[in-house]
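Values reported hereafter were calculated over all heavy atoms of this structure, with side chains retained and with hydrogens, waters and symmetry mates removed.
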Amino acid sequence: MPLTLSARFAFDLDQASDTLMQFEVAALDDQRILDAQLDMPGHQTVTRVPAQDGIGERMWMRAEGHVEVDYRASLAIDRPIAELEPLEEVPLRELPGEAVPYLIESRYCHGSQFLDFTQSEFGAIEPGGARVAAIRDWVAGNIAYTPGASNAATTATDTFHTGAGICRDFAHLFVTLARACAIPARYVACYAPGVVPQDFHAVAQVFLNDTGQSTGGAWHLVDATGMADLSQAAIIGVGRDAGDVSFMTSFGPMRFESSEVSVSHEPQAPDGTDERPSPPNKEAQPA
């Protein structure tokens with residue numbers, strides 16, 4: 001059954017301002033968009049540009065006053081998820097150009113601060129997928145999913161020390177620890193069924209070889225929260241961290257009002273809502 005999703009959010013701009021948004025699902029080989037509708041009442045000026053790594057699109061909007069966004073989509077996802085442990089590392093000297101930036105520190109992910117920790121915690125584990133799985137399990141076991149425990153300025157280092165956060169923080173810490181182990185890792189924004197409370201979700205991807213593959217490599221999804229069905233996650237975009245793929249970044253004074261996200265395999269009613277009861281929503285946190 002196709003995955004159906006909707007995202008509604010509203011905000012106010014005190015003056016004419018530019019806003020960069022990325023909330024539409026990307027058209028990819030393993031996720032095919034069957035239908036999509038976007039409603040933004042008013043006369044906003046919108047320009048689309050390619051997003052990071054050419055995955056999805058960003059949308060520039062010039063607007064003033066009250067803005068409401070109503071996005072709905074239906075898509076077919078055919079994505080096998082490989083077991084992590086058998087996957088082999090790609091030697092650094094053989095990494096393609098697309099993977100190299102994801103070894104380097106970024107705004108929220110300071111891998112150099114964790115070199116000693118990752119060596120002591122994961123150094124004895126076979127490099128590659130087994131080490132990735134150990135990092136995922138460590139984050140899952142040591143960070144408590146706690147709405148309100150973080151904000152838009154929270155870094156992976158902050159999350160490590162407080163031991164609490166939301167999906168954004170889980171993804172940042174996983175990415176940071178993977179990079180500290182010299183494993184290319186990037187942040188992934190997505191919609192995913194099974195996430196409670198339902199909202200924009202954050203997972204990660206690591207660049208590894210398939211077992212027995214002599215060259216190349218591929219990106220593999222990882223969710224340290226353990227909530228998402230990765231085979232059915234609808235990818236929005238990727239980046240070094242949340243700053244590259246925030247669903248909304250305003251370049252002027254802005255008041256964020258509300259956000260509501262729904263993701264399911266159930267048909268949607270004509271108004272875009274699920275025909276089954278939805279889990280409670282938490283306010284989306286602009287990165």
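Using a distance-only test at 3.5 Å, with no hydrogens or angles considered, a donor-acceptor pair links the side chain of Thr146 to the main chain of Ala144. With hydrogens and angles ignored, the 3.5 Å screen pairs a side-chain donor or acceptor of Asn142 with a backbone N or O of Trp138. In this structure, Glu68 contributes its side chain and Pro41 its backbone to no donor-acceptor pair below 3.5 Å. Between the Asp241 side chain and the Arg107 main chain, a donor and an acceptor come within less than 3.5 Å of each other. A side-chain donor-acceptor contact under 3.5 Å links His172 to the backbone of Ala242.
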Kindly determine whether Ser231 and Ile77 satisfy side chain to side chain contact (heavy atoms under 4.5 Å, CB included), including the steps that lead there. CA-CA 7 Å; Ser231 69; Ile77 302 178; over 6 Å; no
May I have the step-by-step check of side-chain hydrogen bond (donor to acceptor under 3.5 Å, both in side chains) for Ser246 and Gln22, ending in yes or no? CA-CA 7 Å; Ser246 171; Gln22 188 174 357; over 6 Å; no
Using the rule given for side chain to side chain contact (heavy atoms under 4.5 Å, CB included), can you reason through Thr225 versus His201, listing the C-alpha separation, both sets of side-chain angles and the distance that settles it, and then say yes or no? CA-CA 10 Å; Thr225 72; His201 193 50; 3.7 Å; yes
Report the C-alpha separation of Tyr191 and Phe200 in whole Å, then their side-chain angles, then the decisive distance to 0.1 Å, and conclude whether the ring pair (Phe, Tyr, Trp, His ring centres under 6.0 Å) test is met. CA-CA 6 Å; Tyr191 299 97; Phe200 295 99; 5.5 Å; yes
List the steps and the verdict of side chain to side chain contact (heavy atoms under 4.5 Å, CB included) for Val132 and Leu87. CA-CA 9 Å; Val132 167; Leu87 301 178; over 6 Å; no
Please determine whether salt bridge (Lys or Arg N to Asp or Glu O under 4.0 Å) holds for the pair Asp223 and Arg136, giving the CA-CA distance in whole Å, both sets of side-chain angles, and the decisive distance to 0.1 Å. CA-CA 7 Å; Asp223 182 11; Arg136 176 202 60 199; over 6 Å; no
Asp35 and Ser74: CA distance, side-chain angles, deciding distance, side-chain hydrogen bond (donor to acceptor under 3.5 Å, both in side chains) verdict: CA-CA 5 Å; Asp35 182 62; Ser74 174; over 6 Å; no
Take Gln37 and Tyr71, measure what side chain to side chain contact (heavy atoms under 4.5 Å, CB included) needs, and give me the verdict at the end. CA-CA 6 Å; Gln37 301 176 52; Tyr71 171 65; over 6 Å; no
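Distance CD/Gln205 to CG/Leu208: 11.0 Å, rounded to 0.5 Å. Rounded to the nearest 0.5 Å, atoms OG1 (Thr249) and CG (Asp18) are 12.0 Å apart. One finds the OG atom of Ser259 at 5.0 Å from the CZ atom of Phe247 (value rounded to the nearest 0.5 Å). Here CZ of Phe256 is found 11.5 Å from OG of Ser250. Values are rounded to the nearest 0.5 Å. Considering CZ of Arg168 and CG of Leu173, their distance stands at 12.5 Å, rounded to 0.5 Å. Taking CD from Glu83 and CD1 from Ile81, the interatomic distance works out to 12.5 Å, rounded to the nearest 0.5 Å.
Residues Ile33 and Val238 do not share a hydrophobic cluster, clusters being chains of Ile/Leu/Val/Met/Phe/Trp/Tyr side chains in contact below 4.5 Å. Hydrophobic cluster membership differs between Ile235 and Tyr187, with clusters built from Ile, Leu, Val, Met, Phe, Trp and Tyr side chains linked at under 4.5 angstrom. Placement of Leu5 and Leu230 in two distinct hydrophobic clusters is found when ILVMFWY residues are connected by side-chain heavy-atom separations under 4.5 Å, directly or transitively. No path of Ile, Leu, Val, Met, Phe, Trp and Tyr side chains, each step under 4.5 Å between heavy atoms, connects Leu115 with Ile183, placing them in separate hydrophobic clusters.
Thr4 is listed as a side-chain neighbour of Ser264, based on a closest heavy-atom distance under 4.5 Å. Residues Val203 and Val222 have side chains not in contact (no heavy-atom distance under 4.5 Å, counting atoms from C-beta outward). Inter-residue side-chain proximity for Thr19 and Leu13 is flagged as met; some heavy-atom pair is nearer than 4.5 Å. Residues His66 and Glu257 have side chains in contact (heavy-atom distance under 4.5 Å, counting atoms from C-beta outward). No side-chain heavy atom of Val261 sits under 4.5 Å from any side-chain heavy atom of Phe9. Residues Phe117 and Phe160 have side chains in contact (heavy-atom distance under 4.5 Å, counting atoms from C-beta outward). Using a 4.5 Å heavy-atom threshold, the side chains of Val263 and Val195 count as separate. In this structure, the side chains of Leu103 and Leu95 come closer than 4.5 Å at one or more pairs of heavy atoms.
Taking the ring pair (Phe, Tyr, Trp, His ring centres under 6.0 Å) definition, one finds that Phe11 meets it with nothing, sequence neighbours left out. Judged as a salt bridge (charged side-chain N to carboxylate O under 4.0 Å, His left out), and not counting sequence neighbours, the contacts of Arg240 are Asp244. The side chain to side chain contact (heavy atoms under 4.5 Å, CB included) search around Arg48 returns Glu24, Leu38, Glu57, Met59, not counting sequence neighbours. For Ala182, the side chain to side chain contact (heavy atoms under 4.5 Å, CB included) test picks out Leu92, with sequence neighbours left out. For Arg131, there are no salt bridge (charged side-chain N to carboxylate O under 4.0 Å, His left out) partners, not counting sequence neighbours.
Within the cation-pi definition used here (under 6.0 Å to the ring centroid, within 45° of the axis), Arg186 does not qualify as a partner of Phe207.
Considering every non-hydrogen atom in both Ala134 and Phe122, the closest pair reads O-CE2, 3.7 Å. Contact record, Val206 with Ala185: CG1-CB, 4.1 Å, taken as the closest heavy-atom pair. Of all heavy-atom pairs spanning Ala202 and Cys167, the tightest one is N-SG, 3.5 Å.
Between the side chains of Ser106 and Arg179, a donor-acceptor pair is found at a separation under 3.5 Å. Using modelled atom types, one finds a donor on one side chain and an acceptor on the other under 3.5 Å when comparing Glu105 with Ser112.
Here ring-ring contact (aromatic ring centres under 6.0 Å, His included) pairs that include residues 83-106, with residues two or more places apart or in two chains, are Tyr102-Trp219.
For Asp39 and Arg72, the salt-bridge test fails: no basic side-chain N is under 4.0 Å from an acidic carboxylate O.
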